[in-house]
Amino acid sequence: DAKRLRPAAMMQLLKKMASLRLSLAGMAALAVVAVAAAGRNGIDTAYAAIPIGVLIVNLIAALATNRSFRTQTGLLVFHVGLLLVFLLAGLTVLSRFDGHVEVVQGGEFAAQAVEIEEQGWLHSGRLDRVHFVQGPIRVDYLPGLRRRATRSAIEVANGGGGVEPLTIGDRDTAVLGGYRFAATFNKGFAVIVGWQGHDGRVQYGSIHFPSYPENDWNQRIDWTTPAGEALVLELQLGEPPIRPNETWTLGRTDLPFTLRVTGGSDAVLAAGESLAVAGGHVSVEALRLWMGYRVDYLPLLPWMLAAAFLAIGGLALHYRSHYLRPAKSAQRSHPVKGGMLDVTAA
């Protein structure tokens, strides 16, 4: 008797887990988490995996307890496709990555420079395997500062010891190490500076000024030297590239410029000049451009799309077998009845 009761109790549990109320509760919870996460309210998107997990269990239980789901091909394909969609969606939110980074022309991509916006709990973190060098940047503008095509050239190291040139634009992205790099509207000027401390060590780096031309009126930034002195740097272009009433291209780095330094030390420096500050010397080397990229990791999206099409196909098959065929059968059994009466009457 105990052995007979166990399968019955298990079936009762499965029926409860297959409840339509549980389905509705899971969908409502998923909608709440999705809206809250989209609103940047401090809620991690990965929490969506919890209601998705509930929906997966609910759907498996429904397949196990509802015989019609298993015996009707269309319904079976639909529910299997839906199950795959939920499963892949759950894995996506747990393994996803979303961030952004700025890379200066002539500089190498650095994984530690990426600012993380969202990262799934199961994300493995393989950005350090991505290697590329930023090349020339070209952004076309129409009169009135209306942005057109963006062309950001990069050189990616290949397995043979060489490099492969790629161009990232408004629609063209690059998938490197599984991560998708997409150019954004965020770009601007950078100044390469050198630092020589009193200990003799020399360092070089780039200082990125606010996005251009959106902030052409405010090319200022706060900067703290390696020795800890707080300075304000202002980029002054001797020949601004903007042509408000003409078509123009942002891309030149041979423009005349000076760097105004205020704070603990005040000076205006041109390329090749240096300034003594607390703890060492700052030198101005060259003008460059930087490009902003969005970095995301969503490798399961194509499979999720395929699963969605599978579910749609199963639903179409179900409706076809239940509504179209009976209608055709009815037309075959009755349509000539009137015709036969007409012939007999004739």
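Side chains are part of it too, since the values below use all heavy atoms of this structure and drop only hydrogens, waters and symmetry mates.
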- Just do the side-chain contact (heavy atoms from CB on, under 4.5 Å) check on Met291 and Ile154 with the steps written out, would you? CA-CA 11 Å; Met291 172 57 70; Ile154 64 172; over 6 Å; no
- Message: I'd like to know whether Arg96 forms a side-chain contact (heavy atoms from CB on, under 4.5 Å) with Asp296, so could you lay out the CA-CA distance, the side-chain angles of the two residues, the decisive distance to 0.1 Å, and finally the verdict.
- Response: CA-CA 7 Å; Arg96 69 170 300 182; Asp296 61 52; 6.0 Å; no
- Verdict with supporting geometry, Asp170 and Arg147, side-chain contact (heavy atoms from CB on, under 4.5 Å): CA-CA 11 Å; Asp170 297 311; Arg147 186 172 63 88; 2.9 Å; yes
- Query: Is there a salt bridge (charged side-chain N to carboxylate O under 4.0 Å, His left out) between Arg151 and Asp172 once you walk through the steps?
  - Reply: CA-CA 9 Å; Arg151 302 177 300 282; Asp172 300 320; over 6 Å; no
- side-chain contact (heavy atoms from CB on, under 4.5 Å) between Leu287 and Leu235, intermediate numbers included: CA-CA 10 Å; Leu287 183 69; Leu235 175 63; 4.2 Å; yes
- Trace of the salt bridge (charged side-chain N to carboxylate O under 4.0 Å, His left out) decision for Glu117 with Arg294: CA-CA 10 Å; Glu117 296 182 10; Arg294 176 159 295 280; 3.3 Å; yes
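We find the CG-OG1 distance between Leu87 and Thr92 to be 9.5 Å, quoted to the nearest 0.5 Å. Remark: Leu63 CG to Leu14 CG distance equals 11.0 Å, nearest 0.5 Å. Between atom CD of residue Glu229 and atom CH2 of residue Trp223 there is a gap of 9.0 Å, rounded to the nearest 0.5 Å. A distance of 10.0 Å separates CD of Gln72 from CG of Leu317, quoted to the nearest 0.5 Å. Rounding to the nearest 0.5 Å gives a distance of 8.0 Å between CG of Asn218 and CD of Glu234. A distance of 6.5 Å separates OG in Ser19 from CZ in Arg21, rounded to the nearest 0.5 Å.
Cluster membership check: Ile207 shares its hydrophobic cluster with Leu237, using side-chain heavy-atom separations under 4.5 Å among Ile, Leu, Val, Met, Phe, Trp and Tyr. Residues Val191 and Ile221 share a single hydrophobic cluster, defined by chaining ILVMFWY side chains whose heavy atoms lie under 4.5 Å apart. Leu233 and Val104 fall into different hydrophobic clusters, where Ile, Leu, Val, Met, Phe, Trp and Tyr side chains are chained together by heavy-atom contacts under 4.5 Å. Under the 4.5 Å side-chain heavy-atom criterion for Ile, Leu, Val, Met, Phe, Trp and Tyr, Val33 and Leu22 are members of distinct hydrophobic clusters. Both Val103 and Ile168 are members of a single hydrophobic cluster when ILVMFWY side chains are connected at heavy-atom separations under 4.5 Å.
The shortest heavy-atom contact between Gln134 and Pro136 is NE2-O, 4.2 Å. Closest non-hydrogen pair, Ser23 versus Leu55, comes out as O-CD2, 3.5 Å. The minimum heavy-atom distance linking Leu176 with Val130 is given by the pair O-CG2, 3.4 Å. Nearest approach of Leu275 to Ala267, heavy atoms of both residues: CD1-CB, 3.8 Å. For Glu285 against Ala271, the heavy-atom pair with the smallest separation is O-CB, 4.0 Å. Closest heavy-atom contact between Trp303 and Pro299: CD1-O, 4.1 Å.
Thr167 is not listed as a side-chain neighbour of Pro165, based on a closest heavy-atom distance of 4.5 Å or more. Annotation: side chain of Pro210 is in contact with side chain of Gln219 (closest heavy-atom distance under 4.5 Å). Between Asp140 and Thr247 there is no side-chain heavy-atom pair separated by less than 4.5 Å. Arg180 places none of its side-chain heavy atoms less than 4.5 Å from the side chain of Leu298. Trp195 has its side chain within reach of Val282: a pair of non-hydrogen atoms, C-beta onward, lies under 4.5 Å apart. Side-chain contact between Lys187 and Pro213 is present, with heavy atoms from C-beta onward closer than 4.5 Å. Counting heavy atoms from C-beta on, the side chains of Val114 and Tyr293 never come closer than 4.5 Å.
Between Phe78 and His318, the distance separating the two ring centers is not shorter than 6.0 angstrom. For an aromatic pair to be called close, the ring centres must be under 6.0 Å apart, and Phe181 with Phe132 satisfies this. Separation of the Phe257 and Phe189 ring centroids does not fall under the 6.0 Å cut-off.
In Trp248, the CH2 atom is crowded: over 12 heavy atoms of neighbouring residues, nucleotides or ligands sit closer than 6.0 Å. No more than 12 heavy atoms of other residues, nucleotides or ligands sit less than 6.0 Å from atom CD of Glu108. The number of heavy atoms from other shown groups lying within 6.0 Å of CZ (Arg70) is above 12.
No donor-acceptor distance shorter than 3.5 angstrom exists from the side chain of Asp216 to the backbone of Tyr212, with no hydrogens or angles considered. Under a 3.5 Å cut-off, the side chain of Thr184 and the backbone N or O of Gly292 do form a donor-acceptor pair. Of the possible donor and acceptor atoms, none in the side chain of Glu155 sits under 3.5 Å from a partner among the backbone N and O of Val163. Distance alone, capped at 3.5 Å, is enough to place a donor-acceptor pair between the Asn58 side chain and the Met17 backbone. Listed for the Trp290 side chain is a donor-acceptor partner under 3.5 Å among the backbone atoms of Phe209. Judged by distance alone, with hydrogens and angles left aside, the side-chain atoms of Arg288 form no donor-acceptor pair with the main-chain N or O of Ala190 at under 3.5 Å.
Between Tyr297 and His123, the two ring planes are perpendicular [angle over 60°; tilted spans 30° to 60°].
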